[in-house]
Each structure stands twice: as C-alpha cells, then as structure tokens.
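Working notes, beginning with the structure itself.
Just the heavy atoms: all of them, side chains too, but no hydrogens, waters or symmetry mates, feed the values below. First the proteins, then the strands, lettered A, B, ... as listed; each starts at 1.
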Amino acid sequence: MELGPRIIFSIGDLNITETVCYAWVVSIVMIAFALISTSKMSRIPKGSQAFAELIVEFIYNLVGSTMGKQHTNFAPYIGTLFIFLILGNSLGLFEQRPVTADLNTTFALAGITFFLIHYNAIRSKTLKGYIKHLSDPYPFMLPINLVGELAFPLSISFRLFGNITGGVIIMALLFGGLEGITEGMEITIPFLLIGIPLPANFFFDIFEAGLQAFIFTMLTMVFIANGMTSQEHH
Amino acid sequence: MSLVTPEAFVLGMSALGAAIVMIGILGIGIGQGFAAGKAVEGVARQPEAQGDILKTMLVGQAVAETTGIFAFIVSIVLLFANPFISML
C-alpha cells in the first residue's frame with residue numbers, strides 16, 4: 001500500500017505533490033469566495049455577502065471570547081486558518097487526499113503558530129520579561145522550559161497529521177475491503193461501495209475534519225493569548 | 001540452514017512492534033472517557049454553561065490525545081516506512 005502523496009509533476013528536482021496542488025485549489029476557492037462575496041456590497045446583505053458576514057461574525061465572536069476583546073486583531077489570521085483547515089481536511093469527500101494528511105502542511109502551519117506565539121510574547125512583555133518568564137521559577141529550569149516550548153509545534157502538528165492520516169488509512173482499508181468482497185463474489189461492479197462507506201465518510205470527512213480544524217485554531221488562540229498575558233500573574 | 005529470511009523476520013517483528021505500540025491508545029480511551037463523564041456532570045449541574053463546557057472538554061481531550069497520536073505515528077513508521085530494512 002502506497003501511503004505518501006502522489007507526485008503530480010516535477011520542475012527539475014522539485015516535486016509538486018498532490019498536497020501542494022490541493023492546497024492551491026483550496027486557496028483559490030477561498031480567494032474566489034472572498035472576492036465574489038465582497039464585489040457587490042450592499043447595506044442590506046443578501047446572497048454570498050450574508051454568508052460571508054455570518055462567517056466573519058462567528059470568527060470575531062470566537063476570537064473575542066477565547067483571547068479576550070482586546071486581541072480581536074488576530075481574527076483575520078485565525079479565520080483564514082480555520083476555513084483553510086476545514087476545507088483541507090474534508091477533501092476526502094471528493095475522493096482526494098486531504099491537504100493535512102501530509103506532515104509538511106501541518107508542520108508549516110505549526111511553525112507559523114510558534115512564530116506568532118513567541119513574537120507576540122516578546123512584543124508584549126519585552127525581551128527581558130520574556131527571558132524572565134522562560135527561566136521561571138528558577139534560572140536553572142531554563143533548558144527544561146525551552147524543551148517544553150519547542151515540543152509545542154511538534155505535538156500540535158503531529159496531532160492534526162495523525163488524526164487525518166488515521167482517517168485516510170481507515171477509509172483506504174474500508175474501500176479496499178469492500179472492493180475485495182465484490183471481487184470475491186465475481187461481480188465486476190463494486191456495488192458494495194454504494195452507501196456502505198457513508199457513515200465512515202461522514203465521521204472522518206465532516207465531523208473529524210471540523211473538530212480537528214477547531215482544535216488546531218483553538219490551541220493556537222489559547223497559546224498566543226497565554227503567552228501575551230501570563231506576565232500579569234507573576 | 002535458516003527457515004526464515006532476515007527480511008521476513010524483521011518485517012514480522014516490525015508488525016508485532018506496531019501492534020504492541022498501539023496498546024498506548026488504552027490510556028487515551030480512559031482519559032477521554034473520564035473527561036467526557038465529568039463534562040456531562042458539569043452540564044447536568046449547569047445546563048446554561050453547555051457551550052463553554054463543550055469547548056473546554058474538546059480542547060482538553062485533544063491535548064490528552066497527544067500521546068496516543070505519537071504511538072500511532074511510531075506504528076505507521078514501523079509499518080510503512082520501516083527503518084530497519086535498510087540496516088540489513
């Protein structure tokens with residue numbers, strides 16, 4: 001069983017896998033929706049503008065209730081991340097490989113989160129306060145705290161990757177098994193694939209996709225807010 | 001004269017190792033169930049706080065899941081990207 005993403009085409013030594021192509025497709029869908037829904041803005045929203053306003057309002061409420069009202073300037077990034085992850089996770093609905101079933105994608109997103117956490121922590125409590133926070137409660141604990149900070153992007157990226165890849169493997173096993181059964185009955189049309197994988201599809205491509213996207217964005221928000229405000233407690 | 005080739009032995013032992021690694025999932029099953037039970041208790045006591053409790057429970061369960069996900073990745077590596085075959 002081949003597990004890695006297929007290589008669509010390559011430019012020299014650079015291989016463009018299906019992960020990259022589907023990430024482009026998801027980005028283009030998101031940009032197109034944003035352009036279409038804001039092209040003809042009216043005071044009384046209708047059609048795609050109303051839907052876009054619903055999404056934006058939901059994201060702003062989520063960020064405001066999780067990070068605090070003063071940090072709503074993070075909402076554009078958080079919202080983009082959330083929608084990208086939902087669309088990218090649920091590509092299994094179209095019989096394609098999800099974008100996030102590739103460690104490169106999840107690790108890149110975790111890297112952005114890691115950079116945001118530490119950049120905002122340094123900006124809000126100055127470099128001295130940041131180092132003081134890292135060497136808390138005693139200076140000799142600094143290496144242990146550093147390892148703990150470095151483990152965060154690893155764990156958050158592996159969590160998303162593991163959950164989505166587990167779904168991909170189980171779906172592949174299910175499809176393969178059902179096809180094998182129909183081949184065993186010597187019927188050329190795999191009619192068992194109709195309807196039977198539907199509950200698994202629903203769980204892995206709709207429920208799990210939304211849940212993992214929510215958890216990734218939620219942890220991002222919690223850790224950014226935590227890094228910015230923890231000075232007040234010490 | 002050996003009955004089992006080295007490749008077959010390494011592959012079989014890797015499959016066994018992958019299965020044993022997945023015993024680590026036992027812990028998250030218990031932990032997530034415990035968290036969900038406590039959340040049900042909380043909702044039964046305060047039905048109006050259901051949204052907050054659900055959000056907190058999901059994030060807590062996701063963090064508790066990390067160890068199981070690491071076990072799962074070790075298992076995937078043993079099954080599909082075996083590092084021991086190239087050592088033979």
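A distance of 6.0 Å or more separates the ring centres of A:Phe207 and A:Phe202.
Only the side chain of A:Leu211 has a heavy atom closer than 4.5 Å to any heavy atom of chain B. Using a 4.5 Å cut-off between heavy atoms, A:Leu160 makes no contact with chain B at all.
Of residues 42-73 of chain B, those residues with a non-hydrogen atom less than 4.5 Å from any non-hydrogen atom of chain A are, in numerical order, B:Lys55, B:Leu58, B:Val59, B:Ala62, B:Val63, B:Glu65, B:Thr66, B:Ile69, B:Phe70, B:Phe72, B:Ile73.
In this view, A:Asn145 satisfies the side-chain hydrogen bond (donor to acceptor under 3.5 Å, both in side chains) rule with no residue, not counting sequence neighbours. Annotation: side-chain hydrogen bond (donor to acceptor under 3.5 Å, both in side chains) contacts of B:Asn82 (sequence neighbours excluded): B:Ser14. Taking the side-chain hydrogen bond (donor to acceptor under 3.5 Å, both in side chains) definition, one finds that A:Tyr77 meets it with nothing, sequence neighbours left out.
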Evaluate A:Asn89 against A:Thr100 for side chain to side chain donor-acceptor pair (under 3.5 Å), listing each step before the verdict. CA-CA 6 Å; A:Asn89 286 350; A:Thr100 41; 2.4 Å; yes
Could you please spell out the steps behind the side-chain contact (heavy atoms from CB on, under 4.5 Å) verdict for A:Phe114 and A:Phe107? CA-CA 10 Å; A:Phe114 182 73; A:Phe107 208 76; over 6 Å; no
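Of all the heavy atoms in A:Leu103 and A:Ser157, the pair that sits closest is CD1-O, 4.5 Å.
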